[in-house]
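Working notes for the structure below.
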Amino acid sequence: MRDGYMRDDPLFTAWQAGHRDDPATPASWWRPWHQLIAETTGRGVDVRRARIVSEPVSEYIRFEYEITYSNVASGEQVRWLPRRRATDLALPGNDFWLIDGTIAMIHHFSGEGDFMDDEATTDPNVVKLCASAFDTVWERAVPHEDYRPG
């Protein structure tokens with residue numbers, strides 16, 4: 001839900017310097033994460049990612065948008081929700097992953113977007129809030145193939 005993360009990430013700094021991987025050459029960009037997602041979705045598990053973004057998008061979000069082809073190629077479903085369309089939603093205060101509808105993995109970042117730590121919870125109230133928020137965002141969000149950054 002942030003407009004920038006880990007701005008010293010080597011992939012981001014290479015992108016800022018003009019490097020672009022070739023989507024037609026997976027060997028140039030395929031990473032262990034993509035393999036995990038491919039194996040997971042290959043078992044019939046849905047992996048969905050929703051991004052809430054300010055528009056016009058930040059440089060970091062433009063970078064994320066441009067590399068999302070790799071998420072999609074590995075089997076993730078990705079959608080984008082412009083922040084203006086999220087005003088009336090009750091959203092958790094932190095980014096999270098919802099795992100099997102029973103675990104919320106909460107991600108903590110510094111004010112500059114640097115990763116600090118994760119916190120796993122099975123608290124049914126937290127899991128329910130995260131699941132409800134995600135489902136609402138997912139319904140409103142634009143599929144990656146149809147989204148154009150504002």
Side-chain angles (χ1 to χ4, degrees), residues 1-53 57-83 86 89 91-110 112-149:
M1 291 189 294
R2 302 177 59 89
D3 288 316
Y5 297 87
M6 302 165 290
R7 296 169 202 258
D8 61 350
D9 177 335
L11 295 174
F12 179 52
T13 56
W15 179 87
Q16 286 178 302
H19 174 78
R20 301 296 186 269
D21 288 324
D22 180 1
T25 310
S28 71
W29 50 262
W30 193 264
R31 292 176 178 70
W33 172 257
H34 300 112
Q35 187 62 39
L36 173 63
I37 297 304
E39 291 168 1
T40 302
T41 58
R43 294 191 322 265
V45 175
D46 283 338
V47 177
R48 300 182 301 165
R49 180 186 302 259
R51 293 180 170 139
I52 300 173
V53 296
V57 299
S58 68
E59 182 181 33
Y60 189 89
I61 295 301
R62 187 160 306 283
F63 157 71
E64 276 194 334
Y65 176 80
E66 288 186 14
I67 66 167
T68 294
Y69 69 85
S70 65
N71 299 80
V72 173
S74 65
E76 280 189 43
Q77 300 170 52
V78 180
R79 292 189 182 182
W80 302 81
L81 181 64
R83 197 171 306 282
L89 302 181
L91 299 170
N94 295 294
D95 288 13
F96 63 90
W97 291 345
L98 189 61
I99 303 167
D100 295 333
T102 61
I103 302 168
M105 180 65 73
I106 311 300
H107 307 295
H108 299 284
F109 294 88
S110 73
E112 295 297 323
D114 295 315
F115 176 76
M116 297 181 64
D117 62 21
D118 285 323
E119 168 190 2
T121 182
T122 57
D123 178 321
N125 293 319
V126 174
V127 170
K128 181 179 178 181
L129 171 67
C130 290
S132 175
F134 183 86
D135 288 344
T136 303
V137 167
W138 189 257
E139 289 173 14
R140 286 190 188 186
V142 179
H144 176 70
E145 58 272 12
D146 297 331
Y147 181 71
R148 300 296 171 263

Least distance between heavy atoms, Tyr147 atom then Pro82 atom: CE1-CG, 4.2 Å
Close side-chain approach of Trp80 and Ile61, heavy atoms under 4.5 Å: yes
Contact check, side chains of Tyr60 and Tyr5, non-hydrogen atoms, under 4.5 Å: yes
Inter-residue atom distance Ile99.CD1 - Cys130.SG, 0.5 Å rounding: 11.0 Å
Heavy atoms from other residues, nucleotides or ligands near CD of Glu112 exceed 12 (cutoff 6.0 Å): no
Spacing of Arg2 atom CZ and Ser58 atom OG [to the nearest 0.5 Å]: 10.5 Å
Inter-residue atom distance Phe12.CZ - Met6.CE, 0.5 Å rounding: 11.0 Å
Trp29 and Tyr69 aromatic ring geometry - parallel, tilted or perpendicular at 30°/60° bounds: perpendicular
Over 12 non-hydrogen atoms of neighbours within 6.0 angstrom of CG in Asp117: yes
Set of salt bridge (charged side-chain N to carboxylate O under 4.0 Å, His left out) partners for Glu66, sequence neighbours left out: Arg20
Pairwise distance CG(Asp118) to NE2(His107) - rounded to 0.5 angstrom: 5.5 Å
Note, Glu119 side chain near Asn94 side chain (heavy atom, < 4.5 Å): no
Val72 side chain reached by Val78 side chain, heavy atoms, under 4.5 Å: yes
Spacing of CG belonging to Leu91 relative to CD1 belonging to Ile52, to within rounding of 0.5 Å: 4.5 Å
Pairwise distance CD(Glu64) to CG(Asp3) - rounded to 0.5 angstrom: 9.5 Å
Salt bridge flag under 4.0 Å for residues Asp135 and Arg48: yes
Heavy-atom pair with the smallest gap, counting every atom of Arg79 and Ala141: CB-CB, 3.5 Å
Between Glu76 and Trp33: side-chain donor-acceptor atoms closer than 3.5 Å: yes
Arg51, Glu145, His144 screened by side-chain hydrogen bond (donor to acceptor under 3.5 Å, both in side chains) with Thr68, the one that passes: Arg51
Donor-acceptor under 3.5 Å (Thr13 side chain, Pro10 main chain): yes
